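First up is the structure itself, then whatever we jot down about it.
Computed from a prediction, not measured in an experiment: that's the story for all the values here.
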Amino acid sequence: MALRTAAQFLAGLRDTREVYYRGERVTDVVNHSELGVAARHASIDFELAENPTFRDLAVHREASREGSAEYSAFYRIPRNSEDLLSRSKLIEAGTSEGATLVLLIKEIGTDALFALNRVLGRSGDTDGIQRVEGFYRRCRDNDLAMAVAQTDVKGDRSKRPSEQSDPDMYVRVIEKRADGIIVSGAKIHTSCTPYVDEVIVLPSRSMGPGDEPWSLAFAVPVATPGLRLYASDYLHGTDDPFTRPVSTSHKMIETLTVFENVFVPWERVFFMDRPDLAGAAALTFVEFHRFTAVSYKLPLLDALVGAAIAIAKANGIDRASHVRDKLTWLGGYAETVRGLAELAAIRCKVDNHVAFPDVFTTNMAKWIFARDFHQAIETVQDLAGGLLVTGPGGKDWNSREIRPMLEKYLPAAWPADRRMAIMNLISDLTTRLYGGYQAVLAVHAEGSIEAEKLAMFRAYDPSRSLALAMRLAGLEPKAVAK
């Protein structure tokens with residue numbers, strides 16, 4: 001086993017992967033003006049293991065017959081509440097080091113592997129379990145970075161995969177060979193794909209009879225022939241760190257991930273032709289990944305609360321009662337999400353020797369985060385004022401002629417430079433491209449608000465509440481119609 005350095009991770013990205021950005025083939029992801037920023041952001045994951053502040057959290061030490069071994073703590077299989085709490089803290093630490101943007105190159109892949117372990121363990125598929133465990137060991141021992149391609153492009157949402165006019169709307173098997181399978185189709189919203197080593201592919205929904213070709217899970221290296229990555233340019237731009245203090249140096253890139261007759265060896269096929277496993281794999285993955293989500297949202301909420309307090313002081317309004325009321329709400333919102341994330345770990349259950357966070361509490365944490373996020377943005381913007389969108393740019397600030405005017409007319413309770421630094425942080429977090437990006441992620445990433453509410457409804461055990469209500473009403477439980 002060997003922990004890689006950030007430099008080794010970045011060097012490993014120079015291969016034959018097929019990545020496109022703004023209409024052009026990218027020959028070197030690391031040196032690309034935009035994708036390179038995202039790759040270096042992701043490399044923070046490897047820096048955590050080298051940083052004395054985070055090493056105990058980021059590196060897991062495990063005793064074996066051959067002696068002690070070290071590997072990334074993201075690969076540590078959770079066995080109890082303490083393991084899940086430690087995982088959550090690691091995800092939070094990485095996102096904080098990433099300036100509120102999650103790293104996501106080991107978090108999401110291990111979420112998928114833990115889920116496959118549980119699903120295949122319940123099914124009794126020993127071949128599938130062995131393949132997942134073998135792939136897990138390879139990734140762990142080589143300290144690999146992973147993406148997860150789950151969301152299919154779907155086509156007509158009212159139709160099942162087998163009913164689509166174009167069968168490639170969901171990734172499917174088109175040929176079975178003695179040495180493996182050939183797959184075709186496309187996934188979308190695949191985070192970090194241009195700068196990882198492996199892509200794990202999972203179903204995005206439940207399947208039924210006739211959907212067998214689409215009911216599969218597998219993994220391939222990013223540089224596999226026929227795998228094409230079409231990268232989004234939504235966060236494009238690195239030209240003005242004055243107005244964009246976060247997003248000029250921290251990016252995450254999503255792709256349309258196309259499989260054009262891609263060969264997958266049998267040892268990398270975790271299950272196939274199994275409609276009975278497809279839905280379970282999709283939902284079990286989400287049980288882990290929404291816990292990852294609420295863990296990585298915490299630094300963003302802390303940044304919003306801190307920025308709100310700072311801008312209230314900078315503007316000289318922090319003593320106003322209505323401002324204190326807004327700041328109290330913001331702090332309560334952030335700490336509610338944090339408390340629920342911790343409670344989800346404390347309430348964990350164990351399945352096939354893998355601990356997973358409480359489903360109801362995890363989804364409640366994610367639901368409350370998503371439900372109230374736009375109110376939080378509105379509150380911070382209200383405290384900041386119109387300079388969020390009418391303030392000067394970096395070239396103005398750096399101009400010898402213009403800056404004296406800005407320093408004269410833009411101070412408040414704080415000098416202009418300190419006030420504008422907080423103002424621009426809020427602008428980046430809430431009004432510019434990065435702010436819009438985070439606003440959409442709040443609603444749709446890791447499942448929609450309605451998906452979270454549905455998961456809560458399914459997971460909630462009403463027996464205690466119902467029994468109490470029936471007792472207080474003087475009714476026997478058997479009198480309740482099911």
Side-chain angles (χ1 to χ4, degrees), residues 33-34 36-38 40-41 44 95-103 233-253 296-318 320 323 326-327 329-331 333-334 373-442:
S33 60
E34 295 289 330
V37 173
R40 287 186 289 277
H41 168 80
I44 294 171
T95 308
S96 181
E97 289 297 289
T100 72
L101 183 62
V102 66
L103 309 177
D233 73 343
Y234 186 80
L235 292 177
H236 186 88
T238 58
D239 60 330
D240 194 354
F242 175 75
T243 58
R244 297 171 60 183
V246 172
S247 61
T248 54
S249 55
H250 297 277
K251 297 180 186 295
M252 185 163 67
I253 303 293
Y296 81 66
K297 299 298 186 184
L298 298 177
L300 176 60
L301 296 185
D302 284 346
L304 289 174
V305 174
I309 294 170
I311 201 64
K313 291 179 178 294
N315 286 341
I317 60 173
D318 54 303
V323 171
K326 291 180 173 69
L327 295 176
W329 181 88
L330 280 169
Y333 165 53
F373 184 74
H374 289 80
Q375 182 180 346
I377 289 177
E378 178 185 345
T379 301
V380 178
Q381 290 174 342
D382 180 40
L383 296 171
L387 274 175
L388 292 174
V389 295
T390 66
K395 291 183 178 180
D396 293 320
W397 189 257
N398 293 325
S399 166
R400 292 183 179 181
E401 180 181 356
I402 298 173
R403 182 163 175 171
M405 293 296 101
L406 302 178
E407 291 179 327
K408 174 180 174 63
Y409 290 110
L410 294 184
W414 285 9
D417 60 339
R418 289 169 56 80
R419 184 187 182 209
M420 290 310 302
I422 290 295
M423 192 72 69
N424 287 333
L425 172 63
I426 294 173
S427 180
D428 205 7
L429 292 176
T430 70
T431 69
R432 297 182 185 272
L433 288 177
Y434 183 69
Y437 178 78
Q438 289 286 8
V440 173
L441 291 187

L330 side chain near V380 side chain, heavy-atom distance below 4.5 Å = yes

key: Pairwise distance NZ(K251) to CZ(R40) - rounded to 0.5 angstrom   =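 Atom-to-atom, K251:NZ and R40:CZ are 11.0 Å apart.
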
Quick one: closest heavy-atom pair of [X] and [Y], and the distance?
X	Y	result
V323	D318	CG1-CA, 4.1 Å
H41	G98	CE1-O, 3.4 Å
A307	I422	O-CG2, 3.8 Å
A384	M423	O-CE, 3.5 Å
I311	R419	CD1-O, 4.1 Å
L429	V246	CD2-CG2, 4.5 Å

Donor-acceptor side-chain pairing of Y333 and T379 below 3.5 angstrom = no

task = Let me know which of T248, T100, D428 forms a side chain to side chain donor-acceptor pair (under 3.5 Å) with Y434.
result = T100

inquiry  = Can a donor-acceptor pair be found, under 3.5 Å and without considering hydrogens, that links the side chain of D396 to the backbone of I402?
reply    = no

request  = For the residue pair W397 and F242, categorise the inter-ring angle as parallel (less than 30°), tilted (30 to 60°) or perpendicular (more than 60°).
outcome  = parallel

